[in-house]
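The shown structure was predicted, so the numbers you read here are calculated from the model rather than taken from an experiment.
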Amino acid sequence: MEPQLQNWGNFCQYYSADLYGTWTRYLLKEKSRESFQCIRSFCAKNDCSEIYHQNHYIYADGTQESKTFSPYLKPITKGLFLDTCFSWGSIRVEPSTPFFF
């Protein structure tokens, strides 16, 4: 099977749900950092042809916001989905650019 299609199939099998976690932003030239809660929601259409992705952020001061990053169309996604974990890939790390692992 083509790797992109296998990756897409892994998403549909293992990750169509909410993922809860704490995110931390590290600043390159400062010692300070910011941590906040995030609920990352992935949902595939019934036929698994599209992925919908939304992040809901909850900050320490009580403010909340949601951002939508979708739809992703089969088989193109930045994520690498394995059977026990995933990585939202970045080609390179640059200042002021999000990097996830």
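Between E65 and N55, every side-chain heavy-atom pair lies at or beyond the 4.5 Å cut-off. Between K45 and Y52 the shortest side-chain heavy-atom distance falls below 4.5 Å.
The CD atom of E34 lies 9.0 Å from the OG1 atom of T24; values are rounded to the nearest 0.5 Å. In this structure, the separation between OH on Y57 and OG on S66 is 9.0 Å, given to the nearest 0.5 Å.
Under the 4.5 Å side-chain heavy-atom criterion for ILVMFWY residues, a single connected hydrophobic cluster contains both I51 and F69. No continuous path of ILVMFWY side-chain contacts below 4.5 Å connects F11 to L73, so the two sit in separate hydrophobic clusters.
The aromatic rings of H53 and F42 sit tilted, their planes meeting at an angle between 30° and 60°.
By the side chain to side chain donor-acceptor pair (under 3.5 Å) test, N46 is found to be paired with no residue, residues two or more places apart in sequence or in another chain being considered. In this structure, the ring pair (Phe, Tyr, Trp, His ring centres under 6.0 Å) partners of Y59, at least two apart in sequence or on a different chain, are F36. By the disulfide bond (SG atoms under 2.5 Å apart) test, C48 is found to be paired with C12, residues two or more places apart in sequence or in another chain being considered. With sequence neighbours excluded, the residues satisfying side-chain contact (heavy atoms from CB on, under 4.5 Å) with Q64 are H56, I58. Remark: Q4 engages no residue in a side chain to side chain donor-acceptor pair (under 3.5 Å) (not counting sequence neighbours).
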Going through the checks in order, is the side-chain contact (heavy atoms from CB on, under 4.5 Å) test met by L5 and K74? CA-CA 8 Å; L5 289 173; K74 184 179 181 177; 3.8 Å; yes
